[in-house]
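All chains are named by letter (A, B, ...) in the order of the sequence lines, taking the proteins before the strands, and each is independently numbered beginning at 1.
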2 protein chains.
Amino acid sequence: MISQKAKYALKALIVLAKSEPDSVQMISEIAEVQRIPKKFLEQILLDLKHQGIVISRRGKAGGYLLLKKPEQITFGEILRIIDGPVAPLPCLSRIAYRRCVDCVSEEGCEVRRVFAKVAEATRDILDRTTLADCLDATVEKMVSSITA
Amino acid sequence: MISQKAKYALKALIVLAKSEPDSVQMISEIAEVQRIPKKFLEQILLDLKHQGIVISRRGKAGGYLLLKKPEQITFGEILRIIDGPVAPLPCLSRIAYRRCVDCVSEEGCEVRRVFAKVAEATRDILDRTTLADCLDATVEKMVSSITA
DNA sequence: TTAAACTCTATCTTTCCGATAGAGTTATTC
DNA sequence: GAATAACTCTATCGGAAAGATAGAGTTTAA
């Protein structure tokens, strides 16, 4: 399960991706449209700003906008920022590898071997799907071409 | 991430699958070999017993053994027992579907559409990989044939 | 200068995870 | 038939994380 926070983040980013390039969107506007608690969304967008996904304009008529193009922002990237590693086991994470303390031999671990396949399949989708794939009806084609 | 508990469960079941059919294995034995806290493993095996995965023999010379054949026990089945739904979003779960309260339209939800692919790929692996696939070197062949 | 926006840090409540405790039951063995 | 070695069950606990809220502060446009 991905966290509620990650889901909110993706939804907010999709709103930004769908709006006019270079136009700013207010937190309160996004929060209302997507039914996200406003103060919670503030934190989320701040995180995304610190990670260089969005930029903000303060003051009256302020708001948020994407720093990169929708094609350059992947689902995997956002998930890692908000939820941490995508991997199903700590010993399968690329960004936060941690050896399992209870594992006698990593190479011999059958559980690890199976979940390595899961991790691979998951990354295949998440790291290749971008916000741009959410913009119109080409989504179906895009995603199915990946999994074909 | 799957829980530590689920990992323990799978490891314990693999031990049972690897041991002589119809022979019982003691909790303490499994706990020691796999470095699982014994009292924790008791709970796990009890859960698995209640779900019809293993059976137990009490008293001296007691222990646990598989109720079904290794080929009939999938990773997905065990994960669902221990961790609950495999789905990345509540609205994508088959065993515990729950509509997202913040979702205006489920069909129009781009996040859902992407993660539906993730769920499918994950299930493809987890529901087709069994304990038997962990028994010997055929693992590689098995799993790669699935994802081919 | 004021209003409307973002910024930042703190806190709160609830739930879950991982683990431990301990009293109870069953079955074997001598 | 008593001792012992196993599983059974329920309760509980500490810590972490999730989800959210609060509020004082800063910036900018008008």
Less than 4.0 Å between a side-chain N and a carboxylate O, is that true for [Y] and [X]?
X: D133(A); Y: R113(B); answer: no
X: E110(B); Y: K18(A); answer: yes
X: D83(B); Y: K7(B); answer: no
X: K38(A); Y: E29(A); answer: no

Heavy-atom donor-acceptor pair, [X] side-chain to [N] base, under 3.5 Å:
X: E42(B); N: dT20(C); answer: no
X: K39(B); N: dG22(C); answer: yes
X: R58(B); N: dT25(C); answer: yes
X: Q43(B); N: dT10(D); answer: no

With the side chain of I27(A) defined as its heavy atoms from C-beta on, choose the nearest nucleotide among dC6(C), dT28(D), dA20(D).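 Of the candidates, dC6(C) comes closest.
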
Whether [X] contacts [N] is assessed here as follows: a side-chain N or O lying under 4.0 Å from the phosphate OP1 or OP2. Is that the case?
X: H50(A); N: dT7(C); answer: no
X: S56(B); N: dA6(D); answer: no
X: K49(A); N: dT7(C); answer: yes
X: Y8(B); N: dC17(C); answer: no

Over how many whole Å does the gap from R57(B) atom CZ to dT29(C) atom P extend?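 It is 10 Å, rounded to the nearest whole Å.
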
Grab the NZ-C1' distance between K38(B) and dT20(C) for me, whole Å please.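 My rounded result for the distance is 12 Å.
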
On DNA chain D, check which nucleotide each of P37(A) and G59(A) is closest to and give me the residue with the more 5' one.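 Nearest-nucleotide comparison on DNA chain D picks P37(A).
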
